[in-house]
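As a basis for the values below, the full set of heavy atoms in this structure was taken, side chains included, without hydrogen atoms, waters or symmetry mates. Reminder, nothing fancy here: chain letters follow the sequence lines and each chain counts from 1.
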Amino acid sequence: MKFYNKLIYWYLKNKRTLPWRETQNPYFIWLSEIMLQQTRVAQGLSYYLKFTTTFPTVFDLAKADESTVLKMWQGLGYYSRARNLHYSAKYIVNELNGVFPSTYKEIIKLKGVGDYTASAIASICFNEPTAVVDGNVYRVLSRYFGIYTAINSTEGIKEFKTLAQSLIDKKQPGTYNQAIMDFGATQCKPQNPLCESCPFNDSCVAFEKNLVKELPVKEKKIKVRKRYFNYLVIKTEDQKTILSERKGKGIWQGLYQFPLIESDKSINQKEIVNSEKFIDLFPNETTISLYNKKEIIHKLSHQHLYTSFWIVETKSLKKATISWNKIKQFPVPVLVANFLEEFQPKN
DNA sequence: AACTCGGGGAC
DNA sequence: GTCCCAGAGTT
């Protein structure tokens with residue numbers, strides 16, 4: 001029996017019921033695929049429902065402000081996905097008359113769409129036999145065929161794409177692609193895969209040679225940068241504060257935060273008050289107090305942010321233009337959202 | 001080729 | 001703590 005027949009047989013019996021499996025609307029499939037990049041189904045699901053409800057068509061998404069899109073994306077991470085999604089929605093509306101491109105070659109031109117996403121959309125929506133290679137596919141193929149090539153090397157990326165392409169069922173590429181991903185997610189899992197009940201355990205190289213735990217091979221690990229964030233949470237007597245948008249490179253582009261004093265180590269209240277930024281911001285009298293006694297360690301994949309929130313009260317401040325009761329309309333990082341939730345449970 | 005971009009869940 | 005998730009863009 002061919003590889004794809006066995007796989008699709010498994011899929012038809014074991015597939016998860018998911019909302020984006022009920023449609024071939026390329027706009028919906030696109031939304032789901034962008035959201036699920038480096039994101040578990042369980043985490044992306046509610047965002048998918050929220051987006052498809054609020055923006056039922058690409059025209060609705062294109063019409064929205066970027067800030068609105070980011071607010072809806074808040075908490076999902078990798079915010080460039082939301083910015084690129086919005087950019088591409090406007091492109092589809094303005095340049096393509098709202099018609100979603102229908103071939104891999106055209107789909108991959110969209111910003112935020114790479115080989116994986118273009119293959120997924122082309123196969124699921126337009127029946128084009130382009131094989132997806134995501135983390136699940138790397139794992140399934142490296143184990144089944146006993147391949148040691150690092151999945152994040154240039155060579156590995158090429159090798160696995162070619163292999164995946166040779167295995168696809170050209171008559172039902174969309175079903176095949178979803179099958180191999182679902183199989184990787186629920187059966188051939190990273191840890192404790194269900195080999196004893198696996199339909200491939202009579203022909204899987206890794207199972208036969210007891211290499212399941214060694215595969216797939218991945219090169220090098222990331223190193224984590226430590227940063228020290230001191231947020232100045234301003235409260236004026238007329239209930240205003242300052243939020244500013246993060247611009248340029250780095251994390252959280254387009255999201256908002258309180259005025260930030262960053263340092264390369266922990267700093268105390270005296271150092272805050274004597275800093276250039278603080279003096280520039282508050283020429284007049286203020287009261288400052290540390291909100292969290294212990295630094296909050298916010299962990300990103302490449303950075304650990306040691307964070308202190310400083311409550312700064314002052315009579316009035318010209319730059320403080322944002323009312324506290326409107327603060328939750330702004331897209332903010334989870335680090336800031338968590339603080340606001342505790343500091344201002346209302347709204 | 002290496003780095004950067006979030007947040008969370010499973011172990 | 002470690003790994004990694006329906007990856008892509010930039011340097």
Side-chain angles (χ1 to χ4, degrees), chain A residues 11 15-16 18-21 28-48 70 73-85 87-88 107-121 123-124 131-140 150-158 160-161 164 174 176-186 188-193 213 215-225 227 246 248-255 297-305 331-338:
Chain A
Y11 179 63
K15 70 172 178 179
R16 294 172 287 181
L18 299 168
W20 47 86
R21 295 230 166 109
F28 288 152
I29 299 299
W30 174 51
L31 277 179
S32 72
E33 294 300 344
I34 300 296
M35 287 177 177
L36 293 175
Q37 288 169 5
Q38 293 294 288
T39 304
R40 290 170 197 283
V41 165
Q43 191 186 358
L45 186 54
S46 66
Y47 289 84
Y48 175 82
L70 282 170
W73 200 271
Q74 182 179 307
L76 199 52
Y78 284 166
Y79 297 94
S80 66
R81 292 183 294 172
R83 297 193 305 271
N84 289 336
L85 183 78
Y87 178 94
S88 294
I107 296 167
I108 202 171
K109 291 179 183 172
L110 299 175
K111 208 175 266 187
V113 172
D115 177 72
Y116 162 77
T117 304
S119 299
I121 299 172
S123 62
I124 294 169
V132 296
V133 185
D134 71 334
N136 295 305
V137 176
Y138 282 122
R139 188 168 52 256
V140 171
I151 62 172
N152 56 347
S153 65
T154 305
E155 186 191 353
I157 292 168
K158 264 183 72 178
F160 282 96
K161 176 72 181 183
Y176 170 84
N177 277 336
Q178 297 188 76
I180 193 166
M181 290 191 285
D182 235 24
F183 178 76
T186 64
C188 195
K189 299 182 293 179
Q191 293 158 338
N192 306 317
K213 292 174 101 171
L215 296 170
V217 173
K218 203 169 182 177
E219 277 173 354
K220 60 201 165 256
K221 26 190 153 178
I222 60 170
K223 101 179 193 195
V224 176
R225 172 159 73 123
R227 304 173 72 176
R246 289 185 68 97
K249 299 172 191 171
I251 56 174
W252 302 334
Q253 280 177 55
L255 275 60
I297 307 175
H298 189 72
K299 294 180 178 179
L300 309 179
S301 35
H302 291 73
Q303 305 181 18
H304 288 181
L305 310 176
V332 297
V334 166
L335 173 61
V336 175
N338 287 345

Which residue, A:Leu335 or A:Lys189, contacts DNA chain B at a nucleotide closer to its 5' end, judged by nearest heavy atom?
A:Leu335
Is it the case that A:Arg81 and A:Gln37 place a side-chain donor and acceptor less than 3.5 Å from each other?
no
Does A:Gly75 reach a base, just sugar-phosphate, or nothing at all? Heavy atoms under 4.0 Å.
sugar-phosphate
Those residues at least two apart in sequence (or on a different chain) that pass salt bridge (Lys or Arg N to Asp or Glu O under 4.0 Å) with A:Lys109 are A:Glu106
Between A:Lys299 and A:Gln43, name the one whose nearest nucleotide on DNA chain C is closer to the 5' end.
A:Lys299
To the nearest 0.5 Å, what is the distance between CG on A:Leu70 and OH on A:Tyr79?
8.5 Å
For A:Arg83 and B:dC5, what is the distance between atoms CZ and P respectively, to the nearest whole Å?
11 Å
Check the distance between B:dC5's P and A:His304's NE2 and give it to me in whole angstrom.
14 Å
Between C1' on B:dG8 and CD on A:Gln191, what's the gap in Å once rounded to a whole number?
14 Å
Does A:Gln253 reach a base, just sugar-phosphate, or nothing at all? Heavy atoms under 4.0 Å.
nothing
The contact string for nucleotides 6-11 of chain C, one letter per nucleotide 5' to 3', using protein heavy atoms under 4.0 Å with B, S and - for base, sugar-phosphate only and none, comes out as BBSS-S
How many whole angstroms separate atom CG of A:Leu215 from atom C1' of C:dC4?
16 Å
Please determine if a side-chain N or O atom of A:Tyr79 lies less than 4.0 Å away from the OP1 or OP2 oxygen of B:dG7.
yes
Say you pick atom P in B:dA10 and the same atom in C:dA6; how far apart are they, in whole Å?
12 Å
Examine B:dT4: is either OP1 or OP2 under 4.0 Å from a nitrogen or oxygen in the side chain of A:Trp252? Give yes or no.
no
Could you tell me whether a side-chain N or O of A:Ser88 sits under 3.5 Å from a main-chain N or O of A:Leu85, the two making a donor and an acceptor?
no
Both A:His302 and A:Ser153 contact DNA chain B. Which one's nearest nucleotide lies toward the 5' end?
A:Ser153
Select base, sugar-phosphate, or nothing to describe what A:Lys220 touches, counting heavy atoms under 4.0 Å on all strands.
sugar-phosphate
When the distance from CD1 of A:Ile251 to P of B:dG7 is rounded to whole Å, what number comes out?
8 Å
Tell me whether A:Asp182 contacts the main-chain N or O of A:Lys15 through its side chain, where contact means a donor paired with an acceptor under 3.5 Å.
no
Looking for any heavy atom pair under 4.0 Å, which part of the strands does A:Leu76 touch: base, sugar-phosphate only, or nothing?
base
Between B:dG6 and C:dT11, how far is it from one P atom to the other, in whole Å?
15 Å
Atom pair distance, as rounded to whole Å: CG in A:Asn192 and P in C:dC4:
13 Å
Using side chain to side chain donor-acceptor pair (under 3.5 Å) as the criterion, list what pairs up with A:Tyr116, not counting sequence neighbours.
A:Glu33
Greater than 12 external heavy atoms within 6.0 Å of A:Glu219's CD
yes
Any A:His298 side-chain nitrogen or oxygen under 4.0 Å from OP1 or OP2 of B:dG7
yes
Around atom NZ of A:Lys189, are there more than 12 heavy atoms of other residues, nucleotides or ligands at under 6.0 Å?
yes
Atom-to-atom span, CH2 of A:Trp73 to P of B:dC5 - whole angstrom:
18 Å
Take atom CE of A:Met35 and atom C1' of B:dG8, then tell me their distance rounded to the nearest Å.
17 Å
